[in-house]
Amino acid sequence: MAAIFPPIDFEPNPLFESIISDLLVQDYSVVDHFFNEETVLLLRDSLLTHFEEDRFKKAAIGNKTNELVAVGIRGDYILWIDEHVQNTATAAFFSQINTLVTYLNRTCFMGLLHKEFHFALYPPGTGYKRHIDTFQNDDRRKLSIAFYLNEGDWSPTDGGALALYLPEVEGEKTITIEPKAGRMVIFESQKIPHEVLVAHRDRLSITGWLKTS
Ligand code: OGA
Ligand code: MN
C-alpha cells in the first residue's frame with residue numbers, strides 16, 4: 001500500500017541545526033573542526049602558495065564603487081577565491097559550504113543565492129578595526145563567515161582574536177574568539193560589529209559572505 005505521506009528526502013543535520021539555533025538565539029555561532037585536518041592543510045598550502053606567488057593584494061575598505069586602502073583600519077592582504085577554478089582544496093571547501101547554504105535555504109528560507117570568499121593573511125602588527133560587514137550602498141551580505149587556517153596552536157599571546165561586540169540591555173559585551181585552525185565563525189553581517197585584534201604572528205584565514213542577490 002502506498003504511504004499517504006511519502007518520506008521526504010531530508011536528513012536533519014545536527015551540526016547545521018546547532019548553527020541555526022545559535023544564529024537565532026545569539027546571532028553568531030562558533031564551530032571547531034568545521035573542516036578536518038586534511039582540508040585545513042590543503043587550504044593553508046593553497047593560501048601560502050598564492051601568497052608566495054604574489055597574487056594577494058592589500059585589502060581595501062568599501063566596495064568597488066568606493067574602495068580605499070586604509071592601512072590604519074585594516075592591514076590584511078587578500079585574494080578572492082574563484083569557485084570555478086577548482087583544485088582539491090577549493091573543491092573540498094566549496095562542497096562543504098554549498099551543503100551548508102542549501103541546508104540554510106531549505107530550513108530557514110534565507111534566500112542565499114550568492115557567495116564570495118577570499119583568502120586573508122594578516123602580517124604581524126596588523127588587524128582590522130571595529131566595523132560592520134555591510135556597505136552603505138549595498139546590504140546584500142547576510143551572513144559573514146571566517147575559517148581559520150593557522151598552523152599549530154594559537155595562544156592568547158599571539159593576539160589576532162576576532163572580537164564580537166554584542167548588544168546588552170545596557171551597553172554591550174565583548175567576546176573574543178581565537179583563530180584556531182579548523183574553526184569557523186558565522187554571524188549576522190548586519191547585526192554584529194566586530195574587530196580583528198592586532199596579530200603578533202601571521203594570521204591565515206578564509207573570510208566570506210553569503211548574500212541574497
Ligand atoms: C573581515 C573580518 C574576521 C576574521 O574580513 O571583514 O571581519 O576573523 N574578518 O578574520
Ligand atoms: Mn568583518
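All heavy atoms count here, side chains included; hydrogens, waters and symmetry mates do not. Note that ligands are numbered from 1 as they come in the structure, with each ligand's atoms numbered from 1 the same way.
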Is D76 close to ligand 1, meaning an N/O of one under 3.5 Å from an N/O of the other? no
Could you tell me whether H194 and ligand 1 have an N or O pair separated by under 3.5 Å? yes
Between R203 and E151, does any NZ, NE, NH1 or NH2 come within less than 4.0 Å of an OD or OE carboxylate oxygen? no
What does the angle at the Mn ion (ligand 2) come to, between atom NE2 of H194 and atom NE2 of H131, rounded to 10°? 90°
Return yes when R203 approaches ligand 1 closer than 4.0 angstrom through a heavy atom, no otherwise. yes
Which residue and atom name correspond to the protein heavy atom nearest atom 5 (O) of ligand 1, and how close is it? T207 CG2, 3.5 Å
Just checking, is any N or O donor in the side chain of E195 or Y165 under 3.5 Å from an acceptor N or O on the other one? yes
Is a side-chain donor-acceptor pair under 3.5 Å present for S189 with S144? yes
Atom name of the N, O or S atom in D133 that lies nearest to the Mn ion (ligand 2): OD1
Contact atoms of ligand 1, heavy-atom distance to W209 under 4.0 Å: 6 (O)
Subset of ligand 1 atoms that lie under 4.0 Å from at least one heavy atom of Y148: 4 (C), 8 (O)
Please determine, by modelled atom types, if N98 and E83 share a side-chain donor-acceptor pair under 3.5 angstrom. yes
Other residues, nucleotides and ligands only: do more than 12 of their heavy atoms fall within 6.0 Å of CD on E37? no
With a 4.0 Å cut-off, would you call E188 and K142 a salt bridge? no
Geometric N/O contact H131 with ligand 1, under 3.5 angstrom: yes
Specify the protein heavy atom at minimum distance from atom 3 (C) of ligand 1: its residue, its atom name, and the distance to 0.1 Å. V196 CG2, 3.6 Å
Report yes or no: is the cationic atom of K58 (NZ for Lys, CZ for Arg) closer than 6.0 Å to the six-membered ring centre of Y77, at no more than 45° off its axis? yes
